[in-house]
There are 2 protein chains.
Amino acid sequence: MTKETSSKTRKPKRGQTREALMAAALDLVVKKAPFSSLSLREVTKRAGVVPTAFYRHFPDMSALGLTLLDESFRTLRQMMRQVRQDQVPGENMLRGSVETYFNYVRENRAHFLFVAKELFGGTPTMRNAIRREIRMFTNELAMDMARFPFLNHFSSEDLQMMAALVVNNVTALTQEMLELEENDEFGQQQVLVAAEKQLRLVFLGVTQWKSSPVTT
Amino acid sequence: MTKETSSKTRKPKRGQTREALMAAALDLVVKKAPFSSLSLREVTKRAGVVPTAFYRHFPDMSALGLTLLDESFRTLRQMMRQVRQDQVPGENMLRGSVETYFNYVRENRAHFLFVAKELFGGTPTMRNAIRREIRMFTNELAMDMARFPFLNHFSSEDLQMMAALVVNNVTALTQEMLELEENDEFGQQQVLVAAEKQLRLVFLGVTQWKSSPVTT
DNA sequence: TTTTTTAGTGAACAGGTGTTGACAAAAAAT
DNA sequence: ATTTTTTGTCAACACCTGTTCACTAAAAAA
């Protein structure tokens, strides 16, 4: 054979470059800057490839961003589904859900940080994608609530409002948790306890709620 | 008359350049990108001065950012103070406060957008400054609440938790409002109504709340 | 008035940016 | 074994970035 398999290994990389790019971007978001201010060259450098290799996998940075967003939400949705079906509507249902959720946040810190930063800092396209996803969660929660006997007499608007209230708070608490150092177990525990209390208070409010007739 | 205000004006600018720079940056944040991805040259261009003029007023971009942040919170604090002293603790106190607050948000859209984007997208310095400010609001609210007869039997921790709940939601609703078009009066009205309902529900919860003995 | 301080300009730098095009090795298809 | 497709490299481009320096008009101080 005329040519030997060159030993200097100029291009032995496999199809894993795409994932390397995504991992590099996520990494930079976590420890450096919001996604919108990452440069293509920066990402490729960290991924260990030459800048032009980027175009073999994504047309531009914003495409990478959307892919990352998709990845983040796919795993999140799958967790939510599991939380919901593991649920035995018992006494400490709330505590269990809260714990499961926040454990998941801790285990997927990078993805949550990415989403949190893009929620306001990102491009309109990205912001809309995220908001749509959150709205979906709110709707699902409202439907779940409607299945409980002591809740199903509420109008769907009221249920929607209550679900939004819960989601708003969980979102805020998630952001609070993300601001803590990764190893600050005490702080994280505190957030968890606060979350449980706040949600319990909300549900107390729900039990007292009386839908008011149409107001302007 | 020595000289009339020359019309060719090579350098007749007054001390208003500093403000022009701040206004330019704020403007760019509103209609283009998060502050962290603005360039110094971009800002000076919009302000109508040459890049190097920037250094006559700020050492770098991050200093401009902090000044902008300061400005945002100064006016916000002043409004909060006014809301609190205008308050006659009556029936529709809640509604009044909510309306005043959201009107203020509408009138200071740019500043709120700036803060919202920096809350997660900004540098650590900026994020900390914002969080400190929010924590301060929460504390003040907790103290205000402590003055009400039907609330002053709660532990300060419980009050803090309740105040945090309120602040979390108002923050989330503010962000929701900021996502709407500036002229979407209907949408804004909807957010306002939702805000009022959610807060009313929270206060219902508060009236039912019983501080649980120390749990782990 | 004269002097000093403030606040603008313009040219130039070293370096980072996205994107192109031509090329070649490896992997897959034939 | 041969061809084709995929996936990497390298060189080059035109542009934008932050920052420096020397220069000067205007405003303030003397």
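Every chain is numbered from 1, with letters handed out A, B, ... down the list of sequences.
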Please pick, from [options], the nucleotide with the shortest atom-to-atom distance to any side-chain atom of [X].
X	options	result
A/T52	C/dA11, D/dA11, C/dG8	D/dA11
A/L40	C/dT19, C/dT9, D/dG18	C/dT19
A/A53	D/dT17, D/dT9, C/dT9	D/dT9
B/Y55	D/dT17, C/dG18, D/dT20	D/dT20

For [X] and [N], what is the distance between atoms [atom1] and [atom2] respectively, to the nearest whole Å?
X	N	atom1	atom2	answer
A/R46	C/dG16	CZ	C1'	17 Å
A/Q16	C/dA26	CD	C1'	13 Å
A/L21	D/dG8	CG	P	8 Å
A/H57	D/dT9	NE2	C1'	13 Å
A/K45	D/dT9	NZ	P	14 Å
B/R56	D/dT24	CZ	P	14 Å
B/L38	D/dT17	CG	C1'	13 Å
A/F54	C/dT17	CZ	P	13 Å

Are the ring centres of B/F114 and B/F35 closer than 6.0 Å?
yes

What I'd like to find out is whether the side chain of A/V166 reaches to under 4.5 Å of the side chain of A/M145, using heavy atoms alone.
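They are not in side-chain contact.
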
Would you say A/L113 and A/K117 make side-chain contact, with heavy atoms under 4.5 Å?
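Yes. Closest side-chain heavy atoms under 4.5 Å.
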
I want to confirm an ordering. Mapping B/V50 and A/M61 to their closest nucleotides on DNA chain C, which one lands closer to the 5' end?
B/V50

Looking at residues at least two apart in the chain, or sitting in another chain, which of them share a ring-ring contact (aromatic ring centres under 6.0 Å, His included) with B/F137?
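None.
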
For D/dC16, does either OP1 or OP2 sit under 4.0 Å from a side-chain N or O belonging to B/S39?
no

Can you check side chain to side chain donor-acceptor pair (under 3.5 Å) on A/Q160 and A/N139, steps first, answer last?
CA-CA 7 Å; A/Q160 197 74 27; A/N139 287 338; 2.5 Å; yes

So for A/R41 and C/dG16, does any side-chain atom that can act as donor or acceptor lie under 3.5 Å from a complementary atom in the base?
no

Does the base of C/dG8 carry an N or O that pairs as donor and acceptor with the side chain of B/T17 under 3.5 Å?
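No, no donor-acceptor pair under 3.5 Å.
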
